[in-house]
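None of these values were measured; they are calculated from a predicted model.
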Amino acid sequence: MMLQWITMENGWLQPRLITAFSNSLLASCSYDGRVILWKEGDQNEWTQAHVFDEHKSSVNSVAWAPHELGLCLACGSSDGNISVFTARADVGWDTSRIDQAHPVGVTPVSWAPSTAPGALVSGGLLDPVQKLCSGGCDNTVKVWKLNNGLWKMDCFPALQMHTDWVRDVAWAPNLGLPKSTIASASQDGKVIIWTVAKEGDQWEGRVLNDFKTPVWRASWSLTGNILAVADGNNNVTLWKEAVDGDWQQVTTVEP
């Protein structure tokens with residue numbers, strides 16, 4: 001089971017670590033095909049606030065959208081579909097789908113930053129970006145964009161450098177920098193860093209490292225310049241990009 005938190009602070013929605021917060025929601029997903037939202041009540045008691053049962057197979061990942069997009073949850077399932085649930089003002093939920101995103105099964109999903117690359121540099125006021133990426137049992141990474149209410153693939157062809165299931169994808173915070181970056185971790189033991197300079201360009205992939213063991217998780221620092229990687233040898237390592245573009249291990253996290 002994978003869990004992700006969202007808390008409401010001063011009207012903003014922000015992901016948080018596992019700890020106690022008031023007015024918070026917890027999303028959980030399971031092999032039973034359900035996604036459950038949990039709400040914290042009095043005395044740290046949690047109750048079910050909502051159950052989504054759109055999927056007909058295991059739900060493998062859940063991810064809350066950036067707070068600028070409102071209360072919005074993406075879910076990836078072994079049925080091949082991605083569902084996106086968006087809260088309405090009347091406490092109901094709107095549902096959109098990416099049907100057969102990865103026909104043999106969706107593993108991870110990750111939202112893009114809501115600020116477009118270069119937005120802070122240009123100084124322009126732009127509408128929030130609504131993009132996410134996904135990995136699948138087809139060994140590919142795909143990028144999706146919401147346009148006129150419909151989700152469409154935003155990378156052609158799919159990103160293909162892995163030779164086994166993609167176990168995790170993580171879209172890096174860009175803080176207005178002039179490029180987008182995604183890290184993908186795979187059963188094949190490799191972590192690949194994907195970058196694109198601007199909208200419409202081709203994504204380019206570069207192998208960060210071959211760990212020679214399945215890689216389960218990849219997670220960016222808040223500034224997007226440090227990547228944490230968890231591999232099948234029970235190691236967590238931190239990596240940073242050097243000036244020449246190569247990625248170097250900076251430390252190992254001790255348990």
Side-chain angles (χ1 to χ4, degrees), residues 1-4 29 31 55 57-63 74-82 98 100-113 131-144 153-174 179-196 202-221 224-242 245-253:
M1 179 182 290
M2 295 178 63
L3 305 178
Q4 292 197 19
C29 61
Y31 290 115
H55 293 284
S57 189
S58 169
V59 180
N60 303 315
S61 56
V62 289
C75 312
S77 172
S78 292
D79 61 15
N81 303 325
I82 296 172
I98 305 174
Q100 295 302 284
H102 299 265
V104 291
V106 181
T107 38
V109 290
S110 177
W111 287 89
K131 284 188 178 183
L132 56 83
C133 62
S134 61
C137 303
D138 56 6
N139 311 340
T140 70
V141 174
K142 295 182 180 180
V143 178
W144 309 90
M153 192 167 158
D154 199 49
C155 61
F156 299 95
L159 308 184
Q160 304 179 58
M161 286 182 64
H162 289 296
T163 58
D164 208 333
W165 290 15
V166 178
R167 291 297 187 178
D168 200 15
V169 289
W171 202 310
N174 63 33
K179 69 175 181 178
S180 294
T181 303
I182 295 171
S184 60
S186 172
Q187 185 81 20
D188 65 12
K190 294 183 178 67
V191 171
I192 295 175
I193 305 297
W194 306 91
T195 57
V196 66
Q202 293 289 326
W203 288 82
E204 297 181 357
R206 187 167 188 166
V207 177
L208 175 140
N209 189 51
D210 186 349
F211 292 83
K212 309 297 184 183
T213 186
V215 185
W216 304 113
R217 296 285 289 169
S219 180
W220 293 98
S221 64
N225 64 334
I226 301 288
L227 182 70
V229 177
D231 65 46
N233 288 328
N234 299 326
N235 294 320
V236 176
T237 51
L238 303 184
W239 299 78
K240 187 174 183 178
E241 186 178 13
D246 286 336
W247 286 81
Q248 300 174 350
Q249 182 180 334
V250 293
T251 190
T252 298
V253 179

Practice task
Look at atom CD of Q249 and say whether more than 12 heavy atoms of other residues, nucleotides or ligands are closer to it than 6.0 Å.
Solution key: yes
Practice task
Report yes if some heavy atom in the side chain of L208 is under 4.5 Å from a heavy atom in the side chain of F211; otherwise report no.
Solution key: yes
Problem - Between D138 and T140, a side-chain donor and acceptor under 3.5 Å - result: yes
Practice task
Please check if the side chain of D188 supplies one atom and the backbone of H162 the other of a donor-acceptor pair under 3.5 Å.
Solution key: no
Practice task
Might you point out which heavy atoms bring S221 and P173 nearest each other, and give the distance in Å?
Solution key: O-CG, 3.6 Å
Handout entry: Enclosure of W165 CH2 (heavy-atom neighbours >12, cutoff 6.0 Å)
Key = no
Handout entry: Partner set under side-chain hydrogen bond (donor to acceptor under 3.5 Å, both in side chains) for N234, not counting sequence neighbours
Key = none
Problem - Closest non-hydrogen atom pair, A101 against W144 - result: CB-CZ2, 3.6 Å
Exercise for the section: First locate atom OG1 of T181, then atom CD of E241, and finally report the distance between them rounded to the nearest 0.5 Å. Expected result: 7.5 Å
Practice task
Please determine, by modelled atom types, if S186 and N139 share a side-chain donor-acceptor pair under 3.5 angstrom.
Solution key: no
Exercise for the section: In sequence, state the C-alpha distance, the side-chain angles, and the governing distance for S134 and V169, and then conclude on side-chain contact (heavy atoms from CB on, under 4.5 Å). Expected result: CA-CA 7 Å; S134 61; V169 289; 5.6 Å; no
Handout entry: pair S77-V106: side-chain heavy atoms closer than 4.5 Å
Key = no
Exercise for the section: Report yes if some heavy atom in the side chain of N209 is under 4.5 Å from a heavy atom in the side chain of T237; otherwise report no. Expected result: no
Exercise for the section: Please name the pair of heavy atoms, one in S184 and one in V166, separated by the smallest distance, quoted to 0.1 Å. Expected result: CB-CG1, 4.3 Å
Problem - side-chain contact (heavy atoms from CB on, under 4.5 Å) between V143 and I182, intermediate numbers included - result: CA-CA 10 Å; V143 178; I182 295 171; 3.9 Å; yes
Completion exercise
Sorted by chain and residue number, the salt bridge (charged side-chain N to carboxylate O under 4.0 Å, His left out) partners of K212 (sequence neighbours excluded) come out as D210
Practice task
Verify whether the ring centers belonging to W171 and W203 lie closer than 6.0 Å.
Solution key: yes
Practice task
Using atom types as modelled and distance alone, determine if a side-chain donor or acceptor of D231 lies under 3.5 Å from a backbone N or O of N233.
Solution key: yes
Problem - Side chain Q100, main chain D79, donor-acceptor under 3.5 Å - result: yes
Handout entry: Side-chain heavy-atom pair L227, V191 within 4.5 angstrom cut-off
Key = yes
Fill in the blank from the handout: Nearest heavy-atom contact between C75 and V59 is CB-CG1, 4.1 Å
Problem - Atom pair OG/CD1 of S219 and I226 - distance to nearest 0.5 Å - result: 12.0 Å
Exercise for the section: First locate atom OG1 of T195, then atom CD of Q202, and finally report the distance between them rounded to the nearest 0.5 Å. Expected result: 12.0 Å
Exercise for the section: Nearest 0.5 Å please: distance from the CZ atom of R167 over to the CG atom of N60. Expected result: 8.5 Å
Exercise for the section: Could you tell me whether the side chain of L238 reaches within less than 4.5 Å of the side chain of V253, counting heavy atoms only? Expected result: yes
Fill in the blank from the handout: When every non-hydrogen atom of I193 is compared with those of A183, the smallest separation belongs to CD1-CB, 3.9 Å
Practice task
Return the set of residues passing side-chain hydrogen bond (donor to acceptor under 3.5 Å, both in side chains) with K190 (not counting sequence neighbours), or none when no residue passes.
Solution key: none
Practice task
Verify, without hydrogens or angle tests, whether T107 (side chain) and G135 (backbone) share a donor-acceptor contact under 3.5 angstrom.
Solution key: yes
Fill in the blank from the handout: Between W194 and M161, the two heavy atoms sitting closest are CH2-CG, 3.5 Å
Practice task
Enter the distance from I82:CD1 to S61:OG here, rounded to the nearest 0.5 Å.
Solution key: 7.5 Å
Handout entry: Distance, nearest 0.5 Å, that separates OG of S110 from CG of D168
Key = 7.5 Å
